[in-house]
Amino acid sequence: MESLISSENTISALAALRNIILIGSLYGFHGLITRSLVIENINEPFLVTTRILLVTIIFGIYTFNDFYQNITIDNFKKGALSGFLAIYLPGWSFIYALNYISSGLNSVFISTIPMFTLVWVFLFYKEEKITKLKIISVLFGFIGLLILFQSGVSGIQNGGNLIFGGLLSLIGVQGLALSNITNRKYSQFIPSKVFMLTQWMTGAVLSIFTFLLVDGEISRVGNSTIFRIFALICIDLLSYSLFLYTIKRFSATFTTLVDYVVPIIGISAGYFILSEFVNSIFFVTLFL
C-alpha cells in the first residue's frame, strides 16, 4: 500500500488509465457483493457500519503515526468534509438504494458521476476549464437520466422501485461527485495518510451515530457473509488508496472516467451472477 500513497508527484497517462480500469472494476464488484448481502436480508445499518469501521481500523493501524504527527484542525475539517461526501453519504444511500434497484442499475447511476462532477466543478471549482462541448455533454447525460426514469425499469425482476431507489442512488452520486472536487483540491497540500484516515474516521463516527439513531441490529452472520464483508473491505482498502493516488496527480474530471468502467462490470456481473434483469434502456442511458 505504501506505493499507492507515496510522495511521487507524477504518473504517466497510461498508468493513470490502468488505475482507472482497476478502480472501476473493483467498484463494480463492490456493488455486486453488497447487493448479494442485501438480498439475504443482512441488516443494512449493521453491514455499512461494520464495513466502514473495519476499514477505518485497518487504515488507522497503518497511518496513525503520520496522522498524529501531521494532523491540524484545518486539515481535519477539510478531510472530514471529504469523508462525509465520499464515505458516509454514498455508503448509506447506496445500500438502501440496492433494496429497490439492481446492482447493475446502480452502477448505471454511478456512471453519471463525471456528469455531475462537471456541474459542481462549473459551480464551485474554477481551476478546471469547462468547455462548451462538456456543457453539451452534460445536457445529453440529463436526457439519458430522464429516459431512464421514464422507463420505470428497476433491474429487479420481482418488484423494485426505480424512483425511490434511483433517487437514493443519486444522493450518493452527488456525494462522490463533490468529493472528487474536494479530494483533488485538498489532497494537493494535506499529507495523503492524514487525509485518508481523517475521511474514514469521519465516515466511521457518523455511521456509528446513525446506527444507534436508527436502532440498528447486530446481525448473526455465517462464513459466506463474513467472506463477502472481508472482500468489501479489501476492495475499499485498495480502490480508495489507488483513487486518492490518481486524483492527486490528474484532474477531477479525468479521474472520474473510472465511473464509466463501473457499469461494464456491474451490469455484466449482476446478470451472470445474481440473475439481474438487464433492459436495453440501461445502454441507452449509458450511451447518452
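Note that these values count all heavy atoms, side chains included, but never hydrogens, waters or copies made by symmetry. Along the sequence shown, the residues carry numbers beginning at 1. Quick caveat, the model's predicted, so the values are computed rather than measured.
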Practice problem: Report the C-alpha separation of F211 and I218 in whole Å, then their side-chain angles, then the decisive distance to 0.1 Å, and conclude whether the side chain to side chain contact (heavy atoms under 4.5 Å, CB included) test is met. | Solution: CA-CA 10 Å; F211 178 85; I218 298 177; 4.2 Å; yes
Quiz item: Distance only, no hydrogens: is a donor on one side chain within 3.5 Å (strictly under) of an acceptor on the other, for N75 and T72?
Solution: yes
Practice problem: Check which hydrophobic residues are tied to F209 through side-chain heavy-atom contacts below 4.5 Å, counting indirect links as well, and list them. | Solution: L213
Quiz item: Can you name the nearest heavy-atom pair linking I156 to G160, along with the distance?
Solution: CD1-CA, 4.3 Å
Quiz item: Nearest 0.5 Å, what's the CD1-CG distance between I58 and L53?
Solution: 10.0 Å
Self-check item: Polar side-chain atom of S82 near backbone of G79 as donor-acceptor pair, under 3.5 Å
Solution: no
Quiz item: Shortest non-hydrogen contact from G203 to I52?
Solution: C-CG2, 3.6 Å
Exercise. Determine the minimum heavy-atom distance between R228 and L37, stating which atoms define it.
Key: CZ-CD2, 3.7 Å
Self-check item: Min side-chain heavy-atom separation S169-I101 under 4.5 Å
Solution: yes
Quiz item: Is there a donor-acceptor pair under 3.5 Å between the side chain of T112 and the backbone N or O of V108?
Solution: no
Exercise. Indicate, with yes or no, if F230 and F59 share a hydrophobic cluster defined by side-chain heavy-atom contacts under 4.5 Å among Ile, Leu, Val, Met, Phe, Trp and Tyr.
Key: no
Quiz item: Any donor-acceptor pair under 3.5 Å linking the side chain of N70 with the backbone of D66?
Solution: yes
Quiz item: Is the number of heavy atoms from other residues, nucleotides or ligands under 6.0 Å of Y271 OH greater than 12?
Solution: no
Quiz item: Are any of the side-chain heavy atoms of S25 and V261 separated by less than 4.5 Å?
Solution: yes
Quiz item: What distance separates S107 OG from I267 CD1, expressed to the nearest 0.5 Å?
Solution: 5.0 Å
Practice problem: Would you give the length of the straight line joining atom CG of L170 to atom CD1 of I110, rounded to the nearest 0.5 angstrom? | Solution: 10.5 Å
Quiz prompt | Single-linkage hydrophobic cluster V205~I87, side-chain heavy atoms < 4.5 angstrom | solution = no
Exercise. Considering non-hydrogen atoms only, spot the tightest contact between G91 and V48 and give its length.
Key: O-CG2, 3.4 Å
Exercise. Would you confirm whether the ring centroid of F195 sits within less than 6.0 angstrom of the ring centroid of Y240?
Key: no
Self-check item: Check: L167 and I163 side chains under 4.5 Å, non-hydrogen atoms
Solution: yes
Self-check item: Residues, nucleotides or ligands: over 12 heavy atoms within 6.0 Å of F142 CZ
Solution: yes
Quiz item: Should F243 and N19 be marked as a side chain to side chain contact (heavy atoms under 4.5 Å, CB included) after you check the CA-CA gap, both sets of side-chain angles, and the distance that decides it?
Solution: CA-CA 8 Å; F243 184 81; N19 291 352; over 6 Å; no
Exercise. Would you check if L206 and W92 make a side-chain contact, meaning some heavy-atom pair closer than 4.5 Å?
Key: no
Self-check item: ILVMFWY network linking F272 to L105, side-chain heavy atoms under 4.5 angstrom
Solution: yes
Quiz prompt | Minimum heavy-atom distance T117-I181, with the two atoms named | solution = O-CD1, 4.1 Å
Quiz prompt | Steps toward side chain to side chain contact (heavy atoms under 4.5 Å, CB included) verdict (T34, S103) | solution = CA-CA 8 Å; T34 303; S103 61; over 6 Å; no
Practice problem: Taking the side chain as every heavy atom from C-beta outward, state whether L176 and L85 have any atom pair closer than 4.5 Å. | Solution: no
Quiz item: So with a 6.0 Å cut-off around CZ of F189, is the heavy-atom count from everything else above 12?
Solution: yes
Quiz item: Can you list the steps and then say if Y27 with I265 is a side chain to side chain contact (heavy atoms under 4.5 Å, CB included)?
Solution: CA-CA 8 Å; Y27 280 161; I265 303 299; over 6 Å; no
Quiz item: Is there side-chain contact between R51 and H30, with at least one heavy-atom pair below 4.5 Å?
Solution: yes
Quiz item: Between L118 and S137, what is the shortest heavy-atom contact and its length?
Solution: CD1-OG, 4.2 Å
Quiz item: For the hydrophobic clusters of this structure (ILVMFWY residues joined by side-chain heavy atoms under 4.5 Å, transitively), does one cluster hold both L47 and I233?
Solution: yes
Quiz item: How long is the span from the CE atom in M115 to the CG atom in L139, to the nearest 0.5 Å?
Solution: 9.5 Å
Quiz item: Between OG1 of T246 and CG of L22, what distance do you get to the nearest 0.5 Å?
Solution: 9.0 Å
Quiz item: Do N99 and L168 touch side chain to side chain, with heavy atoms closer than 4.5 Å?
Solution: no
Quiz item: Just checking, K193 and F67: is the charged tip under 6.0 Å from the six-membered ring centre and within 45° of the axis?
Solution: no
Quiz item: Taking the inter-plane angle between the rings of F84 and Y88 on a 0 to 90° scale, is it parallel (under 30°), tilted (30 to 60°) or perpendicular (over 60°)?
Solution: parallel
Quiz item: Does I264 belong to the same Ile/Leu/Val/Met/Phe/Trp/Tyr cluster as L286, with side-chain heavy atoms less than 4.5 Å apart forming each link?
Solution: no
Quiz item: Roughly how far, to the nearest 0.5 Å, is OG of S241 from CG of D236?
Solution: 10.0 Å
Self-check item: Check: N43 side chain, F46 main-chain N or O, donor-acceptor pair, under 3.5 Å
Solution: yes
Quiz item: Would you call E40 and R35 a salt bridge, using N to O less than 4.0 angstrom?
Solution: no
Quiz item: Do L178 and F116 have side-chain heavy atoms sitting under 4.5 Å apart?
Solution: no
Exercise. Keeping the roles fixed (side chain from T202, backbone from T198), state whether a donor-acceptor pair exists under 3.5 Å.
Key: yes
Self-check item: Side chains of S207 and T49, donor plus acceptor under 3.5 Å
Solution: no
